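Note: hydrogens, waters and symmetry copies are ignored here, and every other heavy atom, side chains too, is used. Counting convention: from 1, in listed order, for ligands and their atoms alike. Starting from 1, each residue takes its place in the sequence as its number. This structure is a prediction, so every number in the text was calculated from the model and none was measured.
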Amino acid sequence: MMPHRIIEGRLRRAVQTILPAADTTTVLVRPCPDPAFGDYQTNAVMGLAKAHKLNPRKLAAEVAAKLDAGDLCAKVEIAGPGFMNFRLRPEAVEASLRSAARGEHLFFEKSDPPRTVVVDFSSPNVAKPMHVGHIRSTILGDTLSRTLRLLGHNVITDNHLGDWGTQFGMLLAGWKTILHRDALAADPLSEMERIYKSISARCDREKPDFDPALRERARAELVSLQSGQEENLAIWREMIRLSQAQFDTIYARLGVRFDHTLGESFYNPRLGQTVEDLLQRGLATESRGAKAIFSDHSLPPQQDPFLVQRGGEWMANPLIIQKTDGAYNYATTDLATLEHRTQIWNADEIIYVTDGRQQLHFHQLFAVFHRWHPESRTRLAHVWFGSILGEDGRPFKTRSGETIRLADLLDEAEERALRVVSEKSPDLPEAQRREIARVVGIGAVKYADLLPNRQSDYVFSWDKLLSLSGNTAPYLQYAYARIRSIFRKGEIAEPGCRGPETEVSPGAPAEMALAKHLLNFGLLLEAVATEYRPNFLCGYLYDLSGLFTRFYEQCPVLKSEPAVRQSRLVLCDLTGQVLKRGLSLLGIEVLDQM
Ligand code: ARG
């Protein structure tokens with residue numbers, strides 16, 4: 001990898017050399033919003049000029065005059081209040097394509113220095129089936145992890161399994177009284193869910209079947225589990241084992257792997273000490289028998305996660321870390337988890353991927369952590385997402401109103417894709433049709449999840465997500481297969497255009513537009529990783545396919561004279577490589593033939 005081959009990176013460093021004070025944590029050089037003004041743009045000068053009370057246009061002109069980038073851009077234009085616009089020299093574009101064709105890079109560079117990033121995602125709860133809500137966490141988290149890893153970071157993925165807590169009291173009571181062994185053997189998660197639902201309904205004071213004795217029993221089971229009673233521990237371990245086996249089948253289907261699955265229970269031995277420490281430092285206080293953390297009033301009330309407005313008044317909204325009955329909770333575990341990740345794993349950054357309903361929890365958690373360890377430089381991010389809606393605009397449920405299980409959803413995706421494939425290519429052998437259906441079906445579900453801005457709710461529509469036209473995974477997979485078919489038709493072995501002698505000169509406008517888009521791949525990956533937005537990558541790949549289609553319509557490849565043909569084949573090959581790599585970051589596979 002030769003970093004200086006990446007044009008955007010070179011421009012960024014050139015600007016940085018002249019403006020060492022420019023804020024490098026934000027994107028310095030980005031594509032020009034309007035290509036009529038240039039290929040890249042920076043607004044670095046404007047911020048600096050403002051900070052030092054200088055004339056931004058004058059400063060921009062001075063920077064432009066000193067900029068060491070003459071081989072990359074013909075001239076630098078100053079626009080508006082002090083934007084600098086760069087227009088690439090065609091030779092610079094060619095040089096970058098050529099080095100990519102030689103396999104020296106794929107338009108991105110590794111981050112220097114790399115950071116240690118913990119990604120906490122998926123995190124389903126034991127004894128409950130994974131539902132569609134967990135799919136978003138799994139898929140978003142997986143994409144972010146893959147992208148950060150490709151950019152050279154030291155990524156630690158951790159599945160923070162919900163394997164501890166009050167639900168086990170009811171599960172244990174149910175396991176011992178109403179468990180059907182046969183049902184458990186056939187479908188463990190459904191049976192565990194059944195016993196949980198049945199017992200919890202009878203432990204609920206508001207419900208008609210309320211049974212105070214059973215409630216007492218559940219509480220006693222929990223206490224004995226927490227005090228380490230062997231029988232209960234053994235049942236609890238069995239519940240985890242059965243759940244984990246089913247989660248693993250799903251992860252295998254999705255192609256998702258974790259470095260760790262520590263789970264909430266891992267932190268159990270540290271919870272007492274965590275609360276003790278917070279009390280000693282005066283961060284937590286005792287309040288009506290519970291231990292809780294209150295506002296330190298360092299923020300205006302509107303931004304203070306420890307306050308809520310009720311009836312026009314600001315009331316305390318503390319974070320409880322130990323309940324009146326002595327039990328620790330989700331927050332206590334998360335605080336202990338944070339210490340582990342920062343102190344043992346030396347995380348520079350921790351990313352939590354969960355649905356939007358947990359925003360308050362993470363606001364409070366992060367605020368407490370900063371008060372607890374003010375010296376910590378770890379960046380904490382809650383990457384939250386909206387819900388999946390059915391086509392009726394209501395939460396996505398089965399016809400009978402049950403939550404949809406991830407396993408059923410994936411089955412249906414593959415079945416539907418198989419129908420489409422069998423219609424289109426009835427002559428393919430069944431095994432091949434099934435393999436295509438798997439890749440297309442799973443890919444389509446993942447893409448539908450990644451495409452919208454993650455914070456908006458999105459409507460789940462089978463017809464839309466499996467469509468071959470529009471911004472879908474099948475469309476992008478098809479674009480890739482079409483590129484491969486050019487090579488098949490021309491009987492050109494893949495590396496045929498990846499040699500040291502490779503020449504490439506994108507002459508036609510459609511070729512140049514495609515080439516310049518390829519050059520932006522790395523910049524885009526950086527944006528995905530810093531803003532935690534995989535949808536940027538979806539948009540990029542969709543545009544790439546569109547630019548490729550235009551190029552392919554306007555510029556004959558196989559029928560051109562040898563030099564042009566060679567150059568165009570390089571563009572096809574590089575487009576294919578970027579498509580494949582980009583999709584792989586989204587966890588989506590490609591096929592040479594569809
Ligand atoms: N198990 C939780 C749930 O299903 C998600 C856990 C997220 N991670 C964390 N460290 N709190 O809602």
Listing, residues 245-254 side-chain donor-acceptor contacts under 3.5 Å, not counting sequence neighbours, or none:
unit_1 : atom_1 : unit_2 : atom_2 : d
D248   : OD1    : Q244   : NE2    : 3.0
T249   : OG1    : A245   : O      : 2.8
T249   : OG1    : Q246   : O      : 3.1
Y251   : OH     : S122   : OG     : 2.7
Y251   : OH     : N159   : ND2    : 3.0
R253   : NH1    : D411   : OD1    : 2.9
R253   : NH2    : D411   : OD1    : 3.0
R253   : NH2    : E414   : OE2    : 3.0

- Query: Excluding sequence neighbours, so at least two apart, what forms salt bridge (Lys or Arg N to Asp or Glu O under 4.0 Å) with R215?
  - Reply: none

- Item | Residues lining ligand 1 [heavy-atom distance under 4.0 Å, listed by chain and residue number] | D120, S123, N125, H134, H160, Y330, D334, Y352, T354, Q358, F362

If you look only at distance, which donor and acceptor atoms sit under 3.5 Å apart when one is on a side chain in residues 300-324 and the other is two or more places apart or in another chain?
unit_1 : atom_1 : unit_2 : atom_2 : d
D304   : OD1    : F306   : N      : 2.8
D304   : OD2    : S295   : OG     : 2.5
Q322   : NE2    : G326   : O      : 2.9

- Item | Lys/Arg N to Asp/Glu carboxylate O, E230 vs R237, below 4.0 Å | yes

- Taking it one step at a time, do L338 and V368 satisfy side-chain contact (heavy atoms from CB on, under 4.5 Å)? CA-CA 11 Å; L338 253 170; V368 169; over 6 Å; no

- Look up atom CD1 in I195 and atom CG in L172, then write down how far apart they are to the nearest 0.5 Å. 8.5 Å

